[in-house]
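In listed order, ligands and their atoms are each counted from 1.
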Amino acid sequence: MELLYSPLSPYVRKVMVVAHELGIADRIRTTRIDTRAERDRIVGSNPLGKIPALITGAGAVIYDSPVICEYLDAEHGGHRLLPANGARRWEILTRMALADGLMDAAILVRHERAREPAKRSDEWAAWQLAKVSAGLDALEARVDTFGDAIDLGQIAVVCAMGYMPLRLDELVGFPRWPGLRAWADRLGARDAFRRTVPVL
Ligand SMILES: N[C@@H](CCC(=O)N[C@@H](CS)C(=O)NCC(=O)O)C(=O)O
């Protein structure tokens with residue numbers, strides 16, 4: 001399999017953590033793509049021009065990251081990280097959606113702040129940042145129920161938390177979410193996370 005990736009992407013990290021947890025990372029060849037400078041290379045696989053995209057052994061292209069994670073777990077992992085059905089499946093997928101939404105909102109804040117002042121909307125950045133806060137609040141309120149089991153939802157939350165402080169200074173140390181931070185530090189000590197730590 002081939003994974004089209006860029007190094008800092010939290011969505012890519014999520015896929016690689018899944019691969020490590022399933023013991024199949026060595027079956028994935030990684031190809032680095034600059035989605036801006038090499039647009040033609042990525043749109044041939046994903047018309048949206050986004051990474052990650054996975055090219056399977058059979059030559060099929062799979063995106064986006066939640067679909068890749070499900071594919072790896074179902075086809076190569078025996079449903080170890082996401083049950084095939086039942087209440088737990090929907091709980092895990094919803095937690096992954098929340099974590100992915102945190103990444104999406106954090107990236108929008110970062111892009112907005114990077115614009116030149118005349119084009120920047122502080123209101124839009126604040127609107128997105130409020131989503132980040134609300135998502136973290138919701139996770140903090142339930143973190144006592146998370147436990148240390150590893151699944152797609154827990155992986156996505158740890159990857160979101162690993163990424164956001166790199167881009168949003170106010171999230172360094174997660175001062176308003178101490179329970180969540182302690183939980184993420186604990187889970188983040190697993191080998192799969194340590195092997196995929198984002199480096200600026
Ligand atoms: N929902 C997608 C989001 C992927 C995404 O936004 N990737 C970013 C890199 S972190 C990207 O490729 N951006 C390039 C672009 O939007 O043109 C997923 O989960 O895979």
Side-chain angles (χ1 to χ4, degrees), residues 1-22 24-25 28-56 60-77 81-82 89-90 92-115 119-121 124-125 127-129 131-132 135-136 139 151-169 171 192-193 195-200:
M1 291 180 274
E2 179 183 10
L3 183 71
L4 309 183
Y5 86 106
S6 72
L8 268 186
S9 166
Y11 311 98
V12 169
R13 184 181 185 206
K14 196 175 54 158
V15 168
M16 288 312 298
V17 169
V18 166
H20 282 291
E21 287 289 349
L22 296 175
I24 57 170
I28 298 179
R29 184 161 53 90
T30 53
T31 302
R32 185 173 176 163
I33 304 273
D34 180 332
T35 53
R36 292 249 170 155
E38 302 175 300
R39 192 174 170 277
D40 291 349
R41 283 182 76 200
I42 182 68
V43 292
S45 298
N46 178 355
L48 300 175
K50 295 186 178 196
I51 51 87
L54 183 81
I55 302 164
T56 69
V61 184
I62 295 184
Y63 52 84
D64 55 359
S65 66
V67 185
I68 299 172
C69 290
E70 268 211 60
Y71 167 79
L72 293 178
D73 185 53
E75 303 293 337
H76 299 277
L81 301 174
L82 179 71
R89 172 182 175 83
W90 308 112
I92 289 171
L93 285 176
T94 303
R95 188 165 301 152
M96 177 158 66
L98 176 54
D100 287 354
L102 284 174
M103 300 180 206
D104 295 344
I107 288 171
L108 287 174
V109 174
R110 168 179 158 72
H111 286 324
E112 197 58 39
R113 288 177 175 172
R115 287 165 168 269
K119 292 185 177 169
R120 191 180 304 153
S121 166
W124 175 250
W127 179 249
Q128 297 302 326
L129 197 56
K131 294 180 192 293
V132 172
L136 290 170
L139 291 168
D151 61 43
L152 292 189
Q154 314 262 64
I155 289 171
V157 173
V158 175
C159 289
M161 293 183 67
Y163 173 79
M164 292 188 293
L166 300 177
R167 298 307 198 192
L168 305 180
D169 287 345
L171 294 185
F193 291 108
R195 285 168 174 263
T196 56
V197 171
V199 181
L200 270 183

For this session: Without swapping roles, check the side chain of Glu75 against the backbone of Tyr71 for a donor-acceptor pair under 3.5 Å.
Result: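 No; zero donor-acceptor contacts below 3.5 Å.
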Return a table of N or O atom pairs, ligand 1 on one side and protein on the other, at distances under 3.5 Å, rounded to 0.1 Å.
residue  : atom   : partner : partner atom : Å
ligand 1 : 1 (N)  : Asp64   : OD2          : 2.9
ligand 1 : 7 (N)  : Ile51   : O            : 2.8
ligand 1 : 12 (O) : Ile51   : N            : 2.9
ligand 1 : 19 (O) : Ser65   : N            : 3.4
ligand 1 : 19 (O) : Ser65   : OG           : 2.6
ligand 1 : 20 (O) : Ser65   : N            : 2.9
ligand 1 : 20 (O) : Ser65   : OG           : 3.4

Problem set entry | Listed partners of Thr196 passing side chain to side chain donor-acceptor pair (under 3.5 Å), at least two apart |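 Thr196 satisfies side chain to side chain donor-acceptor pair (under 3.5 Å) with Arg13 only.
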For this session: Test Ile55 against every option in Ile62, Thr31, Val61 by the side-chain contact (heavy atoms from CB on, under 4.5 Å) rule and name the one that passes.
Result: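 Result: among Ile62, Thr31, Val61, Val61 is the only option passing the side-chain contact (heavy atoms from CB on, under 4.5 Å) with Ile55.
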Exercise. About how many Å separate CD1 of Ile68 and CG of Leu3, when rounded to the nearest 0.5 Å?
Worked result: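 Here the interatomic distance stands at 6.0 Å.
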For this session: Only counting residues at least two apart or in another chain, list the ones meeting ring-ring contact (aromatic ring centres under 6.0 Å, His included) with His20.
Result: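 If we apply the ring-ring contact (aromatic ring centres under 6.0 Å, His included) test to His20, skipping adjacent residues, there are no hits.
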Exercise. With sequence neighbours excluded, what pairs up with Phe193 under the ring-ring contact (aromatic ring centres under 6.0 Å, His included) test?
Worked result: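 In terms of ring-ring contact (aromatic ring centres under 6.0 Å, His included), with neighbours along the sequence ignored, Phe193 is linked to no residue.
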